[in-house]
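Right, one structure below, let's go through it.
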Amino acid sequence: MKIFYSDNHRKHQPPFEVFDGGKRVPYLENTDRMDRILTALKKTDWADLTPPADFGLDPIYAVHDRDYIAFLASCWTEWLALDPEVAASPKQNAFLPATFALRRKPRVPSTLLGKAGYYMMDLSACIVEGTYEAALASANCALSAADFISLSTVNRPPSSFAFCRPPGHHAGKDYAAGYCFINNSSVAANWLSSKGKVAILDIDYHAGNGTQDIFYERNDVLTISIHGDPDFEYPHYIGYADETGVGAGLGFHRNFPLPKGTGDEGYLTALDEALSLIKDFAPKYLVLSTGMDTFDGDPLGKFKVTRDGFAEIGRRIAALGLPTAIVMEGGYANEALGQNVVTLLENFK
Ligand SMILES: [Zn+2]
């Protein structure tokens with residue numbers, strides 16, 4: 001299996017994040033996640049790790065606001081100039097705003113901190129010196145995976161794995177959120193959409209709010225997310241069952257919010273319904289936003305999906321028989337993460 005991976009993710013290593021209740025904790029979306037998956041992939045005889053190609057900024061601008069991307073690109077150097085002492089301190093050197101644009105009609109202010117509150121949704125999307133470079137490389141992994149499945153000439157439906165970090169599905173058109181800066185799955189899906197209809201299935205534990213926002217008014221990209229009910233879970237304000245798209249996009253978005261404690265059986269029931277919607281839509285390509293934080297014991301999740309569950313989830317999705325770009329999102333039970341990813345991917349090799 002073609003696996004697109006860049007070591008540039010190591011340039012994004014925030015020393016902390018601010019968690020629920022204002023707790024300052026070590027950054028959970030860390031490089032160790034990738035190392036665990038790399039180790040597990042290297043033990044297989046089918047993982048073909050390849051660096052991504054550089055697709056430039058145009059496919060990213062096709063999904064994200066240009067001023068937001070410019071903010072990501074210059075944020076760190078502006079922050080260094082504004083506050084060199086804090087920015088250079090190893091314990092402090094992650095940039096976050098302390099004020100957020102709320103329900104008033106927001107405008108983009110001219111100051112760095114004002115812009116940060118406008119372009120960031122929460123306190124997990126910390127920006128450090130290498131964040132922009134890592135996010136670009138991650139988006140290029142997703143684009144490379146999409147490119148591969150669109151060009152492949154194998155007889156069976158092709159698949160590829162975009163081994164992305166940072167993840168992407170919480171990032172919207174003009175905001176960073178939930179460890180995400182550029183929406184890798186959306187960039188890949190939008191790129192594929194010029195060649196045919198695309199479905200994005202998001203199986204991360206958290207609602208794919210960014211992906212929902214990006215395609216909410218479109219009918220050429222079906223978006224489906226299965227996740228912890230936002231009534232109790234991040235991202236809290238989006239991901240409810242009655243959100244189904246607007247305008248031309250009405251009926252082309254679906255959310256499956258599930259209760260705390262959902263195990264294999266409950267998850268697979270929702271998955272079957274989602275897969276049936278995808279079959280009806282009859283897309284040319286599938287982009288699978290793949291989070292493993294539905295796993296029983298994940299520190300950021302409240303589901304109880306097992307490794308056998310991942311095998312069955314992968315089997316049922318692969319049975320769609322669609323060219324599939326599998327894009328890495330979350331998953332924080334690091335010790336189990338490598339084998340969990342391999343277990344899912346094995347269905348597509
Ligand atoms: Zn997640």
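Here the structure is a predicted model, which is why all the values come from computation and not from measurement. Throughout, residue positions are numbered sequentially from 1 according to the sequence presented. Ligands are counted one by one from 1 in listed order, and the atoms in each one are counted from 1 as well.
Shortest distance from the Zn ion (ligand 1) to D204 is reached at OD1 (N/O/S atoms only). Per residue D293, closest N, O or S atom to the Zn ion (ligand 1): atom name OD2.
Although no hydrogens or angles enter the test, the distance criterion places a donor-acceptor pair under 3.5 Å between the side chain of H64 and the main chain of N183.
Nearest heavy atoms, C75 versus L112: O-CD2, 3.9 Å. Contact between L337 and G331 at its shortest, heavy atoms only, is CD2-O, 3.4 Å.
Between E312 and R315 a salt bridge is recorded (basic side-chain N to carboxylate O distance below 4.0 Å).
Note on E329: not counted as a metal contact of the Zn ion (ligand 1), no N/O/S atom lying under 2.8 Å. At least one N/O/S atom of H206, whether from backbone or side chain, sits less than 2.8 Å from the Zn ion (ligand 1).
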